[in-house]
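Please read the structure below before turning to the comments.
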Amino acid sequence: MLEKVKACLKKVFCGGGCFRFLGKWMDVWERVTRRRPVVYAYVKFDNDAVHIFENDVEKCTLPWENIRRIGYATTSGGPWFPDYFFVLGDKSSPPLSYWLDMDWPGVLKLTKFVEQIKDVKYTKEKGALANCTQDNSVVIWPPDEAGQSMG
């Protein structure tokens, strides 16, 4: 497959130094991707808990009664890295936050499920996160903390 891509690029770039640079870059990329395992993360949930999976292995179960805060967060890493997250904070001491990438399978369904919670409050700050290019966050539940930073 890689040879077909290189042959196609050779036709496009007419063989000059640009192709040699691109060919070297593709060789490096191929070596790097072979060494790094591919991580496939996704989320499942039910009426009892949120389950976080990595490569079909359950990494974490967070019961609903242990969730202290729910919110959204953005980072300055985009567009090259994931930069929009659904965040669940637990009641442990010190409290932990579980950052779920909005692109993971199951996260969008989870956000729709959470929207049905009676006391969830969306504020104008949550809408402002959609085009945010900095590190920022907002709580949507519990209602007495809605609009504050997850920090």
Side-chain angles (χ1 to χ4, degrees), residues 1-2 4-6 8-9 12 18 21-151:
M1 174 69 175
L2 187 60
K4 287 182 182 179
V5 171
K6 284 182 180 179
C8 180
L9 289 172
V12 173
C18 185
F21 168 77
L22 194 57
K24 288 179 183 179
W25 182 84
M26 289 173 67
D27 290 340
V28 169
W29 178 254
E30 185 180 10
R31 279 183 272 148
V32 168
T33 55
R34 281 187 192 160
R35 290 186 185 139
R36 298 177 70 199
V38 175
V39 176
Y40 177 70
Y42 61 96
V43 174
K44 288 187 177 182
F45 63 94
D46 51 35
N47 289 328
D48 299 322
V50 176
H51 309 275
I52 302 170
F53 292 85
E54 213 174 81
N55 295 334
D56 293 327
V57 175
E58 189 169 358
K59 291 293 185 180
C60 175
T61 298
L62 186 59
W64 287 108
E65 62 267 4
N66 288 353
I67 295 177
R68 182 177 67 89
R69 295 169 117 186
I70 300 173
Y72 290 91
T74 61
T75 68
S76 58
W80 298 278
F81 299 102
D83 66 340
Y84 192 44
F85 299 91
F86 187 65
V87 183
L88 302 173
D90 72 1
K91 293 181 180 177
S92 65
S93 181
L96 299 173
S97 291
Y98 299 87
W99 289 50
L100 310 176
D101 186 343
M102 291 295 286
D103 291 333
W104 288 357
V107 174
L108 197 56
K109 284 184 183 178
L110 177 60
T111 63
K112 299 296 181 198
F113 180 78
V114 167
E115 286 176 7
Q116 298 173 4
I117 297 173
K118 186 172 103 178
D119 296 330
V120 168
K121 297 218 178 179
Y122 288 97
T123 62
K124 62 181 180 181
E125 290 86 0
K126 190 264 178 195
L129 291 180
N131 293 315
C132 185
T133 58
Q134 339 172 350
D135 297 336
N136 203 353
S137 63
V138 64
V139 173
I140 61 168
W141 184 87
D144 57 328
E145 296 181 28
Q148 297 177 13
S149 173
M150 289 293 288

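Numbers for residues simply follow the sequence, beginning at 1. If you're wondering where the values come from, they're calculated on a predicted model, not measured in any experiment.
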Original post:
Short question: side chain of N66, backbone of D90 - any donor-acceptor pair under 3.5 Å?
Top reply: no

**OP:** For the residue pair L100 and L88, establish whether any side-chain heavy-atom pair is separated by less than 4.5 Å.
**Re:** yes

Original post:
Would you say the side-chain atoms of W64 pair up with the backbone N or O of D46, donor to acceptor, closer than 3.5 Å?
Top reply: yes

Original post:
So how far is it from L110 CG to E115 CD, rounded to the nearest 0.5 Å?
Top reply: 10.5 Å

**OP:** Report the C-alpha distance between V114 and F45 in whole Å, list the side-chain angles of each, state the deciding distance to 0.1 Å, and finish with yes or no for side chain to side chain contact (heavy atoms under 4.5 Å, CB included).
**Re:** CA-CA 11 Å; V114 167; F45 63 94; over 6 Å; no

Original post:
Are the side chains of P105 and Y40 in touch, meaning some heavy atoms are under 4.5 Å apart?
Top reply: yes

**OP:** Find the distance between CG (L62) and CD1 (I67) and round it off to the nearest 0.5 Å.
**Re:** 4.5 Å

**OP:** Compare every heavy atom of T61 with every heavy atom of A49, then report the nearest pair and how far apart it is.
**Re:** CB-CG2, 3.7 Å

Original post:
CD/Q116 to OG1/T111 distance, rounded to the nearest 0.5 angstrom?
Top reply: 10.5 Å

Original post:
Do the side chains of Y42 and D56 get nearer than 4.5 Å, heavy atoms only?
Top reply: yes

Original post:
Just one of K44, E58, K59 clears the side-chain hydrogen bond (donor to acceptor under 3.5 Å, both in side chains) bar with H51, so which one?
Top reply: E58

Original post:
Hey, does D83 have a side-chain heavy atom less than 4.5 Å from the side chain of T74?
Top reply: no

Original post:
Can you name the nearest heavy-atom pair linking E65 to D48, along with the distance?
Top reply: OE1-O, 4.4 Å

Subject >> Flag side-chain contact, heavy atom, 4.5 Å: Y98 against V50 >> reply: no

**OP:** Any chance you could measure F85, atom CZ, to W104, atom CH2, to the nearest 0.5 Å?
**Re:** 8.0 Å

Subject >> Within 6.0 Å of NZ in K109, more than 12 heavy atoms from elsewhere >> reply: no

**OP:** Kindly indicate whether the side chain of Y72, heavy atoms from C-beta on, has any atom under 4.5 Å from the side chain of F86.
**Re:** yes

**OP:** Could you pull out the closest heavy-atom pair between S149 and V139, with the gap in Å?
**Re:** O-CG2, 3.9 Å

Subject >> Closest non-hydrogen atom pair between G147 and V138, with its separation >> reply: CA-CG2, 3.6 Å

